[in-house]
Amino acid sequence: MRARLAVVVSSLIAALLPLSPVAAGTAEQGGGGPAASVTWTPCADDPTADCGTLAVPIDWARPRGATIDLALVRRKATDPSARVGSLVINPGGPGGSGVDAVLEQRLAFSAEITRRFDLVGFDPRGVARSHPVVCSAALAYQAPDPLALRSQADFTALVAYNQRLREDCRARTGPLFDHVDTLSVVRDLDAIRAALGDEKLTYYGVSYGTLIGQLYAERFPGRVRALALDSNMDHSLGTQAFLDTETATVQDSFDEFVSWCDRTETCALHGKDVRALWAGLIDRADRGELPFPGDPSVSLNRTSLLSLVFGAFYGPAWSQLADVLVALDTGVEPPAPSAEPRRQEDEVVENPAQVFCEDYFLPVRDFREYAAHVNRAARIAPDMRISPLAIAMVAACLGQPTPIPDPQHQLRVAPNAQVLLGNAVHDPATPYVWAASTARQIGRAGVLLTYEGWGHRMYGRGDCTTGAFDRYLVSRALPARGTRCPAVPPAEATLRRAPWPVPSGPVPGLPGWRFRS
């Protein structure tokens, strides 16, 4: 799930009837006419890849109405004689650019995958090059701190701010603003499949990209060749379950970090009481007495401090996190963060968080209920107190008009759609319990592969995880039910100054800094 500063989440209708399966090989474009094709040309930024666009309806309920162009990119299989087909990917978000992921080869697929598949990335509707949702930058950065609410007046002011932001974003974005839900993306994905000339879809999605795959399996089970879903969403959760599971998993990640420091002599906090030091930093942040070392223009409050640590758990970047916590405690700048130039702030910023608001309804009636959620989270997570990402999502979508296009529901997937789900046990953003819940909902149609380690995204973490995904994608061979892959040491990462504004997480609430592996 990758967060942008200042927005996320959604609204729910009580019940959703299961969508009718559609026979394989038929296209829905234009009411059942021939599938459109993509005209590929060498990409301007990288002529070794092909770029193209595909027109899709803004509103799939009106397929002959106004359209937008989805941006696509393709890297052809390196061994055409061994080519299986196209592998469509989504790197998560909401807001992740599949075009960038393929152009910059961010997902680091194995040589076997790049040899056997054309890698195809797309920017989902409302994101990056595909008619992005845009809002006033000045207004977006006025978002109230979700952990600073102290009264009903604060709560009311937040709801009113959300309404102003929505009106601004809708005016700047146009009609697409109300049609960026993942069910619409699923229809787009099927149009992409047809335009690529593939009878069935082969797809790899990470984090929020797993929701696209889950709903595709539900909507189009007969068109599934292979759906590899890595670090899974659970689209059945209400407000309390969403906040509680997110909070529990971020506390688990903190516990794992503390355990690593306790047993690792190279940890900068080895031999120290990490929990006590951390509690002291939170107290200083609450008092407004915690400047970021080496950048006195940035003063950390509780939300930004929690967000910084949360971002480090993605890698996880434990060694670098320990260095940063020592620097915060002492005021000495951490070792050599890589500097990158900041950009001038633009008039508008992209805000793909509206996607989440159209996929999830997580209502909170008033400040009393909001405070009860925050207080319960503090009991669940005595160190982290709450998931900063989850509370930001809930807060940012308060007041979202209902009904929403893609409300939560229990998945109903026909058994002919064979799906591979994978998740790390210690994932800070998509809890393992989400993957287990989604696997139960999918039932016989899915197999859950468990990674015993840490971090967000399990592909690439050793031969066991990567091999299982590769075998499934290439030959559709699912691992045995109950398969568990051993943990491998986390990769190193670095805290770096990012361009301004930060184009993607995971350090919501701390613009200008992020961890990179």
For this session: Return yes if a side-chain donor-acceptor contact under 3.5 Å exists between Gln354 and Glu358, otherwise no.
Result: yes

Exercise. Which of parallel (below 30°), tilted (30 to 60°) and perpendicular (above 60°) describes Phe310 and Tyr314?
Worked result: perpendicular

Exercise. Just one of Thr245, Thr210, Asn423 clears the side-chain hydrogen bond (donor to acceptor under 3.5 Å, both in side chains) bar with Trp434, so which one?
Worked result: Thr245

Problem set entry | Selection residues 121-193 - residue pairs positive for disulfide (SG to SG under 2.5 Å), sequence neighbours left out | Cys135-Cys169

Exercise. Taking 4.0 angstrom as the limit, do Arg172 and Glu347 come out as a salt bridge?
Worked result: yes

Exercise. Is there a donor-acceptor contact under 3.5 Å linking the side chains of Asp427 and Tyr432?
Worked result: no

Problem set entry | Whether Phe356 and Tyr208 hold their rings parallel, tilted or perpendicular, with breakpoints at 30° and 60° | tilted

Exercise. Do Thr303 and Asp145 have a side chain donor and acceptor closer than 3.5 Å?
Worked result: yes

Problem set entry | Residues that Tyr203 engages under ring pair (Phe, Tyr, Trp, His ring centres under 6.0 Å), provided they are two or more places apart | none

Exercise. Is there a donor in the side chain of Thr438 and an acceptor in the side chain of Asn232, or the other way round, less than 3.5 Å apart?
Worked result: no

For this session: Check whether any side-chain heavy atom of Asp359 sits under 4.5 Å from a side-chain heavy atom of Leu211, and report yes or no.
Result: yes

Problem set entry | Ionic contact status for Asp286 with Arg302, cut-off 4.0 Å | yes

Problem set entry | Arg75 bridged to Asp118 by N-O distance under 4.0 Å | no

Exercise. Looking at Val99, Asp45, Asp50, which one forms a side-chain contact (heavy atoms from CB on, under 4.5 Å) with Val73?
Worked result: Val99

Exercise. Will you find, in the side chains of His409 and Gln441, an N or O donor that is under 3.5 Å from an N or O acceptor?
Worked result: no

For this session: Side-chain contact test, heavy atoms from C-beta onward, threshold under 4.5 Å: evaluate it for Asp244 versus His373 and give yes or no.
Result: no

Exercise. Would the Phe117 and Phe109 ring centres measure less than 6.0 Å apart?
Worked result: no

Problem set entry | Minimum side-chain heavy-atom gap Phe242-Gln408 below 4.5 Å | no

For this session: For the pair Glu350 (side chain) and Val133 (backbone), establish whether a donor and an acceptor sit closer than 3.5 Å, ignoring hydrogens and angles.
Result: no

Exercise. Should Leu321 and Phe313 count as side-chain neighbours, where that means a heavy-atom distance under 4.5 Å?
Worked result: yes

